[in-house]
Amino acid sequence: MKVLFFGSLREQLGIGELNTALPDGVETVGQLLANLQAQGDEWKLALGSGNVLFAVNQDMVGENTPVSDSDEVALFPPVTGG
Amino acid sequence: MKVLFFGSLREQLGIGELNTALPDGVETVGQLLANLQAQGDEWKLALGSGNVLFAVNQDMVGENTPVSDSDEVALFPPVTGG
Amino acid sequence: MISISVQEQDFDTGEEYRRLQQAGSGVNNTDVGGIAIFTGQVRDLADNPLKFMRLEHYPGMTEKSLQQTAEQAAARWPVIDIRIIHRIGDLTPGQQIVFVGVSSAHRDSAFSACEFIMDILKTSAPFWKKEQHVNGDSSWVDAKDVDQQRAERWQGGD
Amino acid sequence: MISISVQEQDFDTGEEYRRLQQAGSGVNNTDVGGIAIFTGQVRDLADNPLKFMRLEHYPGMTEKSLQQTAEQAAARWPVIDIRIIHRIGDLTPGQQIVFVGVSSAHRDSAFSACEFIMDILKTSAPFWKKEQHVNGDSSWVDAKDVDQQRAERWQGGD
């Protein structure tokens with residue numbers, strides 16, 4: 001799967017795109033977030049704010065939305081356009 | 001006093017401006033309207049719709065607003081600009 | 001700053017927009033965060049085509065009324081500039097009638113002040129429209145209840 | 001018709017306005033009775049002057065999100081045309097960021113659709129702003145609670 005990071009998350013992680021297999025036991029975007037947080041302190045710091053939004057295949061979704069290995073998932077802070 | 005008519009009122013009356021002394025017994029714009037309605041059938045028809053707005057010295061006012069001989073009074077139908 | 005014009009001639013909406021951006025200087029005013037604009041133009045009527053719309057007004061009172069409405073908006077919302085232009089005379093379908101533009105630091109006050117001015121103008125500025133139809137008929141435009149309702153909703157809060 | 005652009009280059013608000021007037025033809029569309037426009041531009045900050053604002057977005061999703069918001073507006077109000085332009089990249093104080101324009105037969109739908117699009121865009125279109133200050137500091141702009149509240153008020157009636 002493809003996981004994208006934007007805004008301050010991208011900057012904090014120093015990475016904009018991650019190509020990875022769907023981790024074992026991950027069925028929702030919320031679970032994917034928890035899995036990524038467990039990758040290390042830097043990940044926990046950037047993704048542990050409780051203020052992370054999700055998009056699956058370019059639609060904003062809630063944390064219980066299912067994800068599959070063929071999805072494009074994006075994690076980002078609240079948007080500030082306009 | 002100066003009495004002005006606009007829009008359909010001006011057209012129905014065939015007059016845009018009337019220079020007249022303040023009629024006896026007229027103390028408010030509502031009373032001025034009643035006095036004008038009594039000028040004849042044409043006046044009654046044009047001014048008797050119950051849908052006449054008033055301005056005194058170029059401010060829109062209610063029918064109980066006092067008028068004096070030095071005032072500029074205007075009578076007109078509901079406005080339709082914009 | 002408030003600027004009001006009641007005029008026969010047309011206006012250039014792009015140019016009026018640039019003036020709101022620049023707020024009197026030659027460069028864009030960096031206090032301005034948002035500009036809301038509304039323009040109205042003469043619509044044609046499918047069932048009874050329009051030759052032109054005649055706009056009559058009450059000289060003197062019209063400008064005073066528009067100025068008061070703009071001042072009410074400026075007292076109610078923190079706006080930077082307000083520009084109102086209203087045309088009079090004979091206007092054909094597609095021609096511009098009215099321009100209301102508001103610049104502000106933030107979009108909420110720009111939107112609210114712009115819509116407030118249009119709603120109050122519709123029910124209190126002394127203009128009257130008469131439609132002259134292609135078939136020779138003519139008729140005064142009636143005031144609409146919905147315009148009265150829209151104006152009254154500003155009497156409560158924002 | 002809905003038209004969406006996400007672009008680095010500036011836009012000409014006067015020209016965009018003329019396009020809304022003409023609705024695809026070379027002459028003014030006489031079905032249009034009102035046009036509502038909002039533009040946002042970069043404000044400077046008195047207490048910490050801005051060198052520029054960097055606007056980052058999510059290519060693909062941004063256009064999709066703006067298209068969906070415009071479609072929601074068109075389903076909710078009887079509009080004629082909707083035009084949305086949002087810039088990305090580095091923008092200095094005074095520069096235009098966003099244009100939302102709506103033409104309609106009547107002013108209420110033009111105003112409502114324009115304000116709806118701005119409010120929904122603010123909370124759902126994937127853009128992120130980072131301020132680069134004259135003093136060398138930089139900081140990501142935080143989302144505002146008031147923007148969330150403004151978006152949520154559209155969930156009820158009109």
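Below, chain A is the first sequence line, B the second, and so on; all start at residue 1.
- For C/Thr123, the part sitting under 4.5 Å from any heavy atom of chain B is the backbone (N, CA, C, O) and nothing else.
- If you measure heavy-atom distances from C/Asp142 to chain B, the contacts under 4.5 Å come from the backbone alone.
- Neither the backbone nor the side chain of B/Asn51 comes within contact range of chain C; no heavy atoms are under 4.5 Å apart.
- Taking 4.0 Å as the cut-off between side-chain N and carboxylate O, C/Lys51 and C/Asp90 do not count as a salt-bridged pair.
- When only modelled atom types and interatomic distance are considered, C/Asp10 and C/Gln95 share no side-chain donor-acceptor pair under 3.5 Å.
- When only modelled atom types and interatomic distance are considered, C/Glu71 and C/Gln67 share a side-chain donor-acceptor pair under 3.5 Å.
- The ring pair (Phe, Tyr, Trp, His ring centres under 6.0 Å) search around B/Phe6 returns C/Tyr58, C/Trp128, not counting sequence neighbours.
- Proximity to chain B (any heavy atom under 4.5 Å) is restricted, for C/Lys64, to the side chain, taken from C-beta onward.
- In this structure, the portion of C/Lys130 lying under 4.5 Å from any heavy atom of chain B is its side chain and not its backbone.
- Side-chain atoms of C/Asp147 and C/Asp119, non-hydrogen and from C-beta on, never get closer than 4.5 Å to each other.
- Interface remark: B/Leu4 contributes side-chain atoms only to the contact with chain C (heavy atom separation under 4.5 Å).
- Using a 4.5 Å cut-off between heavy atoms, C/Gln148 makes no contact with chain B at all.
- When atom types are taken as modelled, the side chain of C/Arg83 and the backbone of C/Leu20 share no donor-acceptor pair closer than 3.5 angstrom.
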